[in-house]
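What's counted below: heavy atoms across the whole structure, side chains too, no hydrogens, waters or symmetry copies. Sequence lines set the chain letters: A, B, ... in the order given, protein chains first and strands last, and positions in each chain run from 1.
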Amino acid sequence: MSRRCRTAISKFVNVSPKRRARGSVLVLGSFLMAFLALALLIGYSYGGLFFEHNRLQASANEVALAGARKLNEFDRLGQMNNMVARSRQLVFEGRRQLEEANDKYPGIAALANELLDEAHESAVLLENQRSLLNVVARSEANIAVQSKFDEVKGSYAMFLPWMKVETPELAGYQCGRCTGVESNVEFMATLSGLASFDKEKGYVVGDLHPYYKSHVNAKLSGPDSDLDFKISSLAATVKNSTPPARIILPGNFHSIASGDLPSVCRVKLWLPVSTGYGPYAGGKMSCVGAAAATGGLPQQ
Amino acid sequence: MRAVRRKSGHAISEFAAALIVLVTFVFAPLINVGIVPIRYLMAQGVLTELCHRVVLSERRSEAISLFTNELWSKSVLQKCGVEVSNAKIGLTVLGKDNSKLSIVGAEPIPSEWLPGGSMEASVFSLEISVDCAIAPLFQTSPGLPGFTSPVVMKLKASSPWENFGIDPVSQEYFVNE
């Protein structure tokens, strides 16, 4: 392009050649600044994902803790465990007394039989109540989890130019027990026959301070073997120290059968997130939280 | 002809040279040094998250085992240019009158510092520390820490211990097992 021609164009657009030359530096500088700003926003996007993950983990723990606290509300699991153990003791002792009466005191054998029947019926009734408690505790914990989740989920949705965070989803909720935690029921050494039977069957754990193992059906032998005595896992009160509900490592969650009383809640949250600028990074962020219920109080 | 080149093309050619000078002597050194605080924040974040996870263990021995066998965090930091060494774990117990007891590794806590003891301990804080060699983006020798060679700093994170129960079998606090 000739000089005359360029001057003519410059006059036409009312820009002198000198101004145009200086303006090009400004334009290129602006491009450079825009590029740097974009790089900064990409950095913010990825930093934001890390922040959101920490936040989601805290929410998962909080939701799991709400469910776990509900499981053993009013020490219902602890009391049920103790009642099951006492009922078992009663049946065992009733059977022994009946056998003794038949051998030595036939006159009171009928009375001993009546007592045994009563203990037997109580054990059946208690097992029904235990099953009902299982349904109630799980269902109330579920409601508590859902309620806490509804409380926290509203604070997440955020649509920024460099990052999009949607509302989290409650992907899963499970009840179980904590690995390594046995029952809150102290071993009953008062009935020597039952004590040796339990040790022989491996229903207890520990030597100096034995406790009943959790999640075993501690069936009796002989005619009473039809009865179920299921003692569940729950942290025990020791030296007047009752363990409070607490967050645990999700890896310490242990699944249990649907008929067993649970003492741990585990929840899984999903959070759909994506970056706004830069290479696309998006999907469902996932966090798992687990919490254990309050420990069982001492036997009244 | 010379006047024409000077008036319209000089800006472009000078800008390219200026850009090279700017990138070589300003941006590159800035990015080289600027990556150090970013890596520091990443390392601190990973360490804090690890500490929060470790305190959820059932027993202190499990916490120590979890911390010493933790490979994921180390490999993540290594990929991000942070070399981790000299990992230590301890417990700080705060008692009455702001008295403080530091426990190193798996050492047992004295009975007076346990919950219900004479020192009325109220806070049990698990502390982890590591030496991190945080590298700049470009490394050359001779090394100038932070500029051309990694800068070594001690990073710490702490979190309150979660499990205050007593093991019914051993009758010991889980924090002391």
Side-chain angles (χ1 to χ4, degrees), chain A residues 1-3 6 10 16-18 20-29 32 36 39 43 47 50-51 53-54 57-58 61 178-187 204-211 235-244 246-252 289-292 295, chain B residues 1 3-16 18-19 22-23 26-27 30-31 34-35 38 41-42 44-46 48-49 52-59 61-63 66 76 80 111 114-117 159-175 177:
Chain A
M1 191 184 285
S2 69
R3 186 181 173 190
R6 279 200 302 272
S10 300
S16 70
K18 198 175 178 182
R20 201 156 49 88
R22 282 183 183 168
S24 66
V25 177
L26 187 69
V27 170
L28 286 168
L32 190 68
L36 285 174
F50 185 72
F51 170 75
H53 184 268
N54 283 350
Q57 182 62 61
N61 289 342
C178 185
T179 308
V181 176
E182 301 298 342
S183 82
N184 61 314
V185 184
E186 283 185 66
F187 176 59
V204 291
V205 61
D207 296 324
L208 287 174
H209 305 279
Y211 276 76
T237 294
V238 185
K239 296 179 185 171
N240 293 325
S241 167
T242 305
R246 64 188 174 88
I247 298 159
I248 62 167
L249 285 172
N252 283 341
Chain B
M1 187 67 185
V4 172
R5 284 181 64 191
R6 202 168 44 241
K7 280 186 178 174
S8 61
H10 74 100
I12 298 289
S13 58
E14 282 173 15
F15 184 77
L19 200 65
L22 192 70
V23 168
V26 180
F27 280 155
L30 268 179
I31 291 170
I35 201 81
I38 293 171
L41 288 174
M42 282 171 62
Q44 187 64 62
V46 168
T48 306
E49 200 184 328
H52 286 163
R53 198 144 42 92
V54 163
V55 294
L56 300 180
S57 302
E58 290 295 302
R59 297 171 168 81
S61 55
E62 282 175 25
L66 184 65
V76 163
C80 296
S111 57
L114 287 170
S159 202
W161 182 256
E162 275 282 331
N163 189 4
F164 281 107
I166 299 176
D167 187 342
V169 175
S170 66
Q171 302 279 305
E172 273 285 348
Y173 278 93
F174 285 113
V175 71
E177 280 198 329

Using 0.5 Å steps for rounding, measure from the [atom1] atom of [X] to the [atom2] atom of [Y].
| X | Y | atom1 | atom2 | value |
| --- | --- | --- | --- | --- |
| A/His209 | B/Gln171 | NE2 | CD | 4.0 Å |
| A/Ile248 | B/Ser57 | CD1 | OG | 11.0 Å |
| A/Gln57 | B/His52 | CD | NE2 | 11.0 Å |

### Task
Side chain from CB out, backbone as N, CA, C, O: work out which of these in A/Asn54 comes under 4.5 Å of a heavy atom of chain B, or both, or neither.
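Only the side chain of A/Asn54 comes within 4.5 Å of chain B.
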Can you tell me which portion of [X] sits under 4.5 Å from chain A's heavy atoms? Options are side chain, backbone, both or neither.
| X | value |
| --- | --- |
| B/Ile38 | neither |
| B/Ile31 | neither |
| B/Phe27 | side chain |

### Message
For A/Tyr211, give me all partners under ring-ring contact (aromatic ring centres under 6.0 Å, His included), at least two apart in sequence or on another chain.
### Response
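ring-ring contact (aromatic ring centres under 6.0 Å, His included) list for A/Tyr211, sorted by chain: empty.
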So do [Y] and [X] actually touch side chain to side chain, heavy atoms under 4.5 Å?
| X | Y | answer |
| --- | --- | --- |
| B/Glu49 | A/Phe50 | yes |
| B/Leu66 | A/Leu249 | yes |
| A/Lys239 | B/Ile166 | yes |

### Message
To check you understand the geometry: which heavy-atom pair defines the closest contact between B/Glu58 and A/Val181, and what is its length?
### Response
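For B/Glu58 versus A/Val181, the nearest heavy atoms are OE1-CG2, 4.1 Å.
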### Query
Looking only at heavy atoms, what is the nearest atom pair of B/Leu56 and A/Ile247, with distance?
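Where B/Leu56 meets A/Ile247 most closely, the heavy atoms are CD2-O, 3.5 Å.
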